[in-house]
Enquirer: 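Have a look at the structure that comes next, please.
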Amino acid sequence: MTTREFDDITLERVREHVWEIAPEGEMEVPARVLASEALLEEIGDDDSLQQLKNAAHLPGMQKYALAMPDAHQGYGFPVGGVGAIDAEDGCISPGAVGFDINCGVRMLRTPLTYDDVRGREEELVDALFDAVPSGLGGGGVVEGSRDAVDGALERGVEWALEEGYATEYDLKHCEDEGRRPDAKPEYVPKKAKDRGMNQMGSLGSGNHFLEVQRVTDTFDDGVADAYGLREGEIVVLIHCGSRGLGHQICSNYVRKIEQEHGELLDRLPDKDLAAAPAGSALAEEYYGAMCAAVNFAWVNRQLITHRTRETLADVFDAVDTDDVELLYDVAHNIAKRETHEVDGEQRELFVHRKGATRAFPAGRAEVPAAYRDVGQPVIIPGSMGAGSYVLKGGDRSLSETFGSTAHGAGRLMSRTQAKQEFWGGDVQDDLAEQEHIYVKANSGATIAEEAPGVYKDIDEVVRVSGDLGIGDKVARTFPVCNIKG
DNA sequence: ATGTGC
């Protein structure tokens, strides 16, 4: 029997890439880490294994608390964590969704090839940087109003369509068609709405970015065709979330839940996991508010899409706004009511994915019609020096991970440590000179915090996902230019 | 992630 130990935590190897922590104390279920030995060493380096054990204490957790191959330490619940919790007898935990509700990514196809863009990267990066609001604080693509925020919270991308910022095609190619029907804007605190008002269509800061990329490889021609991806073509990746609005919802509800559900809190090893019992008023209110923030984040990415279309049409004579099509949009931080098979019966669950991507295979009803025969696109960004992947939902994802896989490369070190190791200006110069990647940011500190060297190996993360059969690679991209907060 | 502390 192969085991690995990190401090006082022992993991037993179940099979290749599957490591299990046996239940002890009040753990409801075992914890499982899905990783190669090399990735496990990195995951064991921070607090994420202890956090995963803590997560396994959440009442109603089904099968096992899961860590994806890109897992790292988060607030309470690890980033790269999946927790499927009974929606009737269990609970819902804001910390297991994350502060940035529906932080996620979308990919746009363009009619451009790399040859069209080569030599014009700096003009393009400047145009995008000027057009797309980024950084901390206010100012978005549209001037916000109370009605605009309420429309976005209630109807998501449908609101954007009514307002002329989206197409019918966009709706059909977004997770949940860009609208969570469970949204309850009345449970979104006024303060959250106020913060969101002047952030509608803005990237924010941290690891959020807009990146122009070229497709360097396709691995599964049938599926790459279905996704409309061809080698040499230019795509755009937009990574951002619900800004201050989602953050305010999370912090408000964590505080309320801590105050009202102390008896549940006492059963948990970390108060940052604070959870509302299923069926309680606060569980319903948080879930409704969280779903509304999910809609808001989809609108945020939609408004940035709109501005990106205008910018590409301005810069390139050959591009019309209609030519820039949405491939797909996926949430990376979300909890959803989903039905999954557990012990031979269908159960209604709150599937918490925090830094994890839904990866439903062909046939599952939630996959949009355009992709239902091949499986949903799974978009996984790497660092700004490494490129990204498009996967398809894997056949084993439903039985192994409640239909989930990784969401990115995963950090290797803290932001503080990153700033000690790297200097933003040097990172920017090296990327331009050595890799022909043109980065523009509001602050050098952000570039240092997001330097390629602070991330795990995206190729290794994707390899493990494919080996496990939870998400299979379809295409790889490489950065051309990148704007960020 | 975040009007970057409670």
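Chain A is the first sequence line, chain B the second, and so forth, proteins listed ahead of strands; every chain is numbered from 1. Just so we're clear, the structure is a prediction, and the values are computed from it rather than from any experiment.
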Enquirer: Report which part of the nucleic acid A/Arg415 touches: base, sugar-phosphate, or nothing (heavy-atom distance under 4.0 Å, all strands).
Expert: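 Counting heavy atoms under 4.0 Å across all strands, the contact made by A/Arg415 is with sugar-phosphate only.
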Enquirer: Between A/Asn102 (CG) and B/dT2 (P), how many Å, whole number?
Expert: 13 Å
Enquirer: Could you grab the distance from atom CG of A/Asn482 to atom CZ of A/Phe129, nearest 0.5 Å is fine?
Expert: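 Rounded to the nearest 0.5 Å, the CG-CZ separation comes out at 11.0 Å.
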Enquirer: Could you tell me the separation between the CD1 atom of A/Ile249 and the P atom of B/dT2, rounded to a whole number of Å?
Expert: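 Going from CD1 in A/Ile249 over to P in B/dT2 covers 14 Å.
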Enquirer: Just how far, in rounded Å, is P of B/dT2 from CD of A/Gln199?
Expert: 8 Å
Enquirer: With salt bridge (charged side-chain N to carboxylate O under 4.0 Å, His left out) as the rule and sequence neighbours excluded, what pairs involving residues 56-81 of chain A come up?
Expert: none
Enquirer: A/Glu41: which residues meet the salt bridge (charged side-chain N to carboxylate O under 4.0 Å, His left out) condition with it, sequence neighbours left out?
Expert: A/Arg4
Enquirer: Could you tell me how far apart A/Lys271 (NZ) and B/dC6 (C1') are, to the nearest whole angstrom?
Expert: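 After rounding, the gap between these two atoms is 11 Å.
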Enquirer: Which part of the nucleic acid does A/Lys354 contact within heavy-atom distance under 4.0 Å: base, sugar-phosphate only, or nothing?
Expert: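 Nothing: the residue A/Lys354, judged by heavy atoms under 4.0 Å, touches no strand.
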Enquirer: Could you state the atom-to-atom distance from CG of A/Asn333 to P of B/dT2 in whole Å?
Expert: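 Interatomic distance, CG of A/Asn333 to P of B/dT2: 11 Å.
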Enquirer: Write down the distance between CD (A/Gln259) and P (B/dC6), rounded to a whole number of angstrom.
Expert: 15 Å
Enquirer: Between A/Glu338 and A/Arg353, does any NZ, NE, NH1 or NH2 come within less than 4.0 Å of an OD or OE carboxylate oxygen?
Expert: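 Answer for the salt bridge query: yes.
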Enquirer: At 4.0 Å (heavy atoms only), tell me whether A/Ser205 reaches a base, stays on the sugar-phosphate, or touches nothing.
Expert: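 If one applies the 4.0 Å heavy-atom cut-off, A/Ser205 turns out to touch the sugar-phosphate alone, with no base involved.
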Enquirer: Once you round it to whole Å, what is the distance between C1' of B/dT2 and CD of A/Glu449?
Expert: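 It is 12 Å, rounded to the nearest whole Å.
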Enquirer: Tell me the interatomic distance from A/Phe99, atom CZ, to B/dT2, atom P, rounded to whole angstroms.
Expert: 12 Å
Enquirer: Mind checking if A/Gly244 touches a base, just sugar-phosphate, or nothing, with heavy atoms under 4.0 Å?
Expert: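 Sugar-phosphate contact only.
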